[in-house]
Amino acid sequence: MSDLTKLKVAEARDALRAGDVTSAELTEACLAAIDGADALGAFVHKTPEIARQQAAAADARIQAGDAPALCGIPMGIKDLFCTKGVPSQAASRILEGFKPEYESTVTSKLFEAGTVMLGKLNMDEFAMGSSNETSCYGNAVNPWRRSDDAAALTPGGSSGGSASAVAADLCLAATGTDTGGSIRQPAAFTGITGIKPTYGRCSRWGIVAFASSLDQAGPMTKDVRDSAILLNAMCGHDPKDSTSANLPVPDFEAMLTGDIRGKTIGIPREYRIDGISDEIDALWDRGRDMLRDAGARIVDISLPHTKYALPTYYVIAPAEASSNLARYDGVRYGHRAKLASGEGINDMYEKTRAEGFGPEVQRRVMVGTYVLSAGFYDAYYNKARKVRSLIKRDFELAFADGVDAILTPATPSPAFGLGEMQDADPVQMYLNDVFTVTVNLAGLPGISVPAGLGHEGLPLGLQLIGRPWEEGDLLNTAYALERAVGFVDKPAKWW
Ligand code: GLN
């Protein structure tokens with residue numbers, strides 16, 4: 001077989017089982033593609049020895065007729081999943097040299113399902129960012145370029161390495177995490193599919209925490225079917241995470257019929273925000289028409305508290321981050337600053353954190369400690385928690401009215417140039433998340449599906465938001481949209 005790295009997970013699974021290809025062959029093809037793609041900055045720690053061992057073990061299992069769902073499938077893992085004995089730095093200097101003694105629940109589930117790990121993937125530092133420019137390893141680069149210029153573009157963030165690697169066919173699929181959009185926005189920027197499941201679906205145990213009430217892991221894949229397959233392997237109850245849901249997990253792939261007749265799709269009027277390009281508006285209208293043509297009922301809905309979502313998120317997420325990141329003090333993990341004679345423990349904490357955290361992380365820690373401080377707790381943090389409940393209730397009311405899923409754009413623009421936002425106000429960067437953060441605040445599942453190319457030749461995504469715990473239904477609606485769109489474009493290889 002040729003072009004092995006271009007295979008989708010489902011195709012590779014079938015080819016492996018049919019004996020048309022071995023996991024060793026697939027894995028070597030991916031390792032070679034990765035070695036030829038350093039210009040993308042996607043993989044930050046390569047693990048070829050582990051990959052070869054796991055591929056050999058997978059081939060033996062396939063031969064023995066004992067192949068679990070992802071047996072022999074080569075994947076990349078976002079750097080903030082703790083992987084035993086393998087650097088897991090969340091793209092931060094402060095975790096330099098950290099090799100966990102344990103495996104995150106999500107990666108151990110993937111390994112139990114037979115996955116082959118090719119290496120760790122670039123990301124924004126501690127998953128804070130929308131462009132992968134806050135990484136201590138340097139940028140990841142989008143394999144896509146505008147049709148009329150060769151400027152390097154962001155793959156989005158924070159799961160930028162995952163998005164770039166999947167879009168460039170360096171691996172068959174990847175893991176991501178999404179606190180405010182970090183799976184869906186990079187998926188949209190690179191023409192791939194990414195789902196953030198309901199909060200509590202995937203265990204957070206062993207994932208470096210950013211904002212614990214918002215963080216969720218999810219798959220980033222070449223199509224909707226692959227997302228369904230991966231999500232099945234990644235999720236499920238975990239007693240080690242007290243927020244993990246003890247609910248049965250349906251067979252998501254089996255739910256992909258493409259039949260959405262009679263489903264009600266809501267179009268929220270508050271998502272028609274000022275300053276959105278006509279192109280994104282037109283894309284949204286096309287998506288709506290496609291779902292209607294597939295037999296869904298389209299209704300206009302109102303989610304009145306939407307305009308407060310970004311400010312609410314940018315109080316809650318930094319507050320939780322400032323608490324979570326307090327553990328990086330130079331004592332337990334990673335980097336420790338060198339002290340001059342006469343300097344003591346407080347100097348050690350201060351210097352370590354000043355050297356170890358990049359500017360965006362420092363900004364979040366400062367904002368977080370401020371909104372949690374005694375004098376401002378009620379004015380900011382408590383207020384934000386209340387508004388969060390109202391945002392959640394907006395969705396609950398829409399679902400109670402019979403809405404099955406909500407269609408919105410995934411991002412307000414296509415991928416932008418690396419460095420383009422450097423001198424902009426940080427709020428400009430935060431605006432990237434305007435369509436995605438509501439979903440995390442409400443704990444709902446959301447998926448981004450490629451929906452076409454814009455006038456510059458760059459991919460654009462549409463987002464579908466589902467009812468809690470109904471990822472199967474959501475994936476099926478996304479599958480219907482994917483079939484209607486028929487997106488097959490790939491970036492032209494330049495790296
Ligand atoms: N871009 C958002 C932020 O910077 C979301 C990041 C994420 O989902 N991890 O916080």
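Note that ligands are numbered from 1 as they come in the structure, with each ligand's atoms numbered from 1 the same way. Being a predicted model, the structure only gives us computed values, none of them experimental.
Residues R336 and D329 are not paired through a salt bridge, judged by the lack of any N-O separation under 4.0 Å between the basic side chain and the carboxylate. Residues D238 and R201 are not paired through a salt bridge, judged by the lack of any N-O separation under 4.0 Å between the basic side chain and the carboxylate.
Applying the salt bridge (Lys or Arg N to Asp or Glu O under 4.0 Å) test to E270 and every residue at least two apart in sequence or in another chain returns nothing. With sequence neighbours left out, the salt bridge (Lys or Arg N to Asp or Glu O under 4.0 Å) criterion links D124 to no other residue.
In this structure, the side chains of L460 and I280 come closer than 4.5 Å at one or more pairs of heavy atoms.
Near ligand 1, residues A127, M128, G129, S130, S158, D178, T179, G180, G181, S182, F210, Y313, Y314, R364, D433 each place a heavy atom inside the 4.0 Å sphere around the ligand atoms.
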What side-chain donor-acceptor pairs closer than 3.5 Å can you find for residues 205-212, not counting sequence neighbours?
unit_1: S212; atom_1: OG; unit_2: N324; atom_2: ND2; d: 3.0

